[in-house]
Amino acid sequence: MQSLLKETMGVGATTAKQGLVTMAIAALVGVTTLLAYLFMDSRNEALEVQKLLAVKVEQFASTQQKLDSISTVLDQKLVEVRRLGGNVAALEQIKWQLENDRRKLKSDLTFSIQQYNLKIKDYRNFLAQSESDLQKLRDENGLLRNRTRALEEEKQNVLSENEGLKTERAALTQTLADYSLQNAELKNQVTIASAMKAVNVQVIALAANGKERRGGSYKASRIDRLKVSFIMPANPVAVKNDKDIYIRILDANGAVVSESGVGGVIPFEGREIGYTIRQAVPFENNDQEVNILFRKESAYKPGVYTVEIYAEGFRIGDGRFDVK
């Protein structure tokens, strides 16, 4: 009996040891599997980070190249406008802003390709508009040169006439003076019309406590008022007086944002268009900054909004902002 009991206890001890070994092996397999899973997951995350970094580097290099290209074009335009005797205030202001963006890009830890793409689009729009103005200046200078050459030839012909043609010479001389006066008036009108610009247009959101939010993308609940801010470059031939500035705010569907008793309509290119708010601004002719505030009682709907600025029958600038 005792022998049978000992044998039974021996078998039980062996079975218990085998169970412990089995449990240890299972635990070791589980730990190994967990470590392998964590290693693979960490490796996958590292690969994703590398991919994101590669995309960021590519976006950064592409943005820097685009800004450098725009800077080169601006330099060329500045040289040509100075040579033609035009107003370079707007070009110099944009050049200054561009150089700030180029410097900021080199140390921008919060680099956003979307933000810089909007800036690049604005710069390209300005270049396209300035090219139109530059072409007008080229044409104007060419016309003046041709007229001056023709008039000079007429003058020389008149001066070579004998004393018997003094009356005709006097008439031609008067014609020369009339042409010169007409050319001067035409040049002044074209210069004034083209020089009235709104540059560096920004749309800033103001909270109810007056805190400003910049960047062009705002939550609807945080917009108590909008501030449209821009620079009016100096014009050496412009008159210092009050300029009526009209602001049009258009929602994503192209409808004019307005408030009862504030907006109205203005004539533009043979038709009437609605505007959001009008403000008289004393034009000081000194590259002044202009700020115009607008409050809408109802909340802004989400979408991309366009801001257009008009003065003296011309569209002088534009901007945009997003509402989330």
Side-chain angles (χ1 to χ4, degrees), residues 70 72-96 124-199 231-245 266-271 281-288 309-317:
I70 292 172
T72 299
V73 174
L74 274 174
D75 289 339
Q76 294 170 350
K77 287 186 181 294
L78 279 165
V79 171
E80 185 173 4
V81 172
R82 288 193 182 101
R83 179 176 61 82
L84 295 174
N87 191 328
V88 297
L91 287 170
E92 288 178 339
Q93 179 66 30
I94 291 298
K95 175 68 176 177
W96 177 83
R124 287 175 174 170
N125 288 339
F126 174 81
L127 288 178
Q129 179 61 42
S130 65
E131 178 60 28
S132 175
D133 295 339
L134 183 55
Q135 187 58 49
K136 291 179 182 178
L137 189 59
R138 294 189 192 110
D139 295 340
E140 180 186 351
N141 274 263
L143 179 62
L144 290 173
R145 283 195 302 269
N146 291 337
R147 287 186 177 181
T148 300
R149 188 180 302 113
L151 292 172
E152 185 62 29
E153 291 175 358
E154 290 182 13
K155 179 181 177 180
Q156 293 302 323
N157 290 334
V158 170
L159 293 175
S160 65
E161 295 292 334
N162 57 32
E163 291 297 323
L165 298 177
K166 287 184 178 180
T167 303
E168 292 184 25
R169 182 172 60 187
L172 288 174
T173 303
Q174 183 60 47
T175 301
L176 175 62
D178 292 340
Y179 273 129
S180 298
L181 180 60
Q182 291 174 10
N183 289 339
E185 292 175 350
L186 176 62
K187 184 175 181 179
N188 286 341
Q189 291 173 2
V190 172
T191 303
I192 292 172
S194 62
M196 291 300 298
K197 303 293 181 185
V199 300
I231 301 295
M232 290 182 67
N235 175 2
V237 296
V239 178
K240 291 184 179 181
N241 59 6
D242 289 347
K243 307 290 185 183
D244 283 333
I245 305 298
I266 55 173
F268 180 68
E269 295 184 348
R271 58 192 177 94
V281 175
F283 181 63
E284 299 296 336
N285 207 359
N286 59 357
D287 295 338
Q288 70 196 77
I309 306 172
Y310 294 79
E312 298 183 336
F314 294 91
R315 179 172 169 175
I316 64 173

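Along the sequence shown, residues carry numbers from 1.
For the atom pair CE (M232) and CD1 (I316), the distance works out to 5.5 Å, reported to the nearest 0.5 Å. The CG atom of N146 sits 10.5 Å away from the CG atom of N141 when rounded to the nearest 0.5 Å. Expressed to the nearest 0.5 Å, how far CZ of R138 lies from CD of E131 amounts to 4.5 Å. In this structure, E312 CD and I245 CD1 are separated by 8.0 Å, a value rounded to the nearest 0.5 Å.
K155 NZ: 12 or fewer foreign heavy atoms inside a 6.0 Å radius.
The two residues N235 and N87 come nearest to each other via the heavy atoms CA-ND2, 3.7 Å. In terms of heavy-atom proximity, A89 sits nearest to A234 at CB-O, 4.2 Å. Among all heavy-atom pairs drawn from K95 and L74, the shortest one is CA-CD1, 4.0 Å. In terms of heavy-atom proximity, A198 sits nearest to I309 at CB-CD1, 4.0 Å.
Side-chain atoms of S130 and K77, non-hydrogen and from C-beta on, do get closer than 4.5 Å to each other.
By the side-chain contact (heavy atoms from CB on, under 4.5 Å) test, K240 pairs with N285, sequence neighbours left out. When the salt bridge (charged side-chain N to carboxylate O under 4.0 Å, His left out) test is applied to R271, no partner is found at least two apart in sequence or on another chain.
Between the side chains of Q129 and N125, no donor-acceptor pair is found at a separation under 3.5 Å.
For E269 and R315, the salt-bridge test fails: no basic side-chain N is under 4.0 Å from an acidic carboxylate O.
A side-chain contact (heavy atoms from CB on, under 4.5 Å) with L91 is found for one member of L78, L134, D133 and no other, namely L78.
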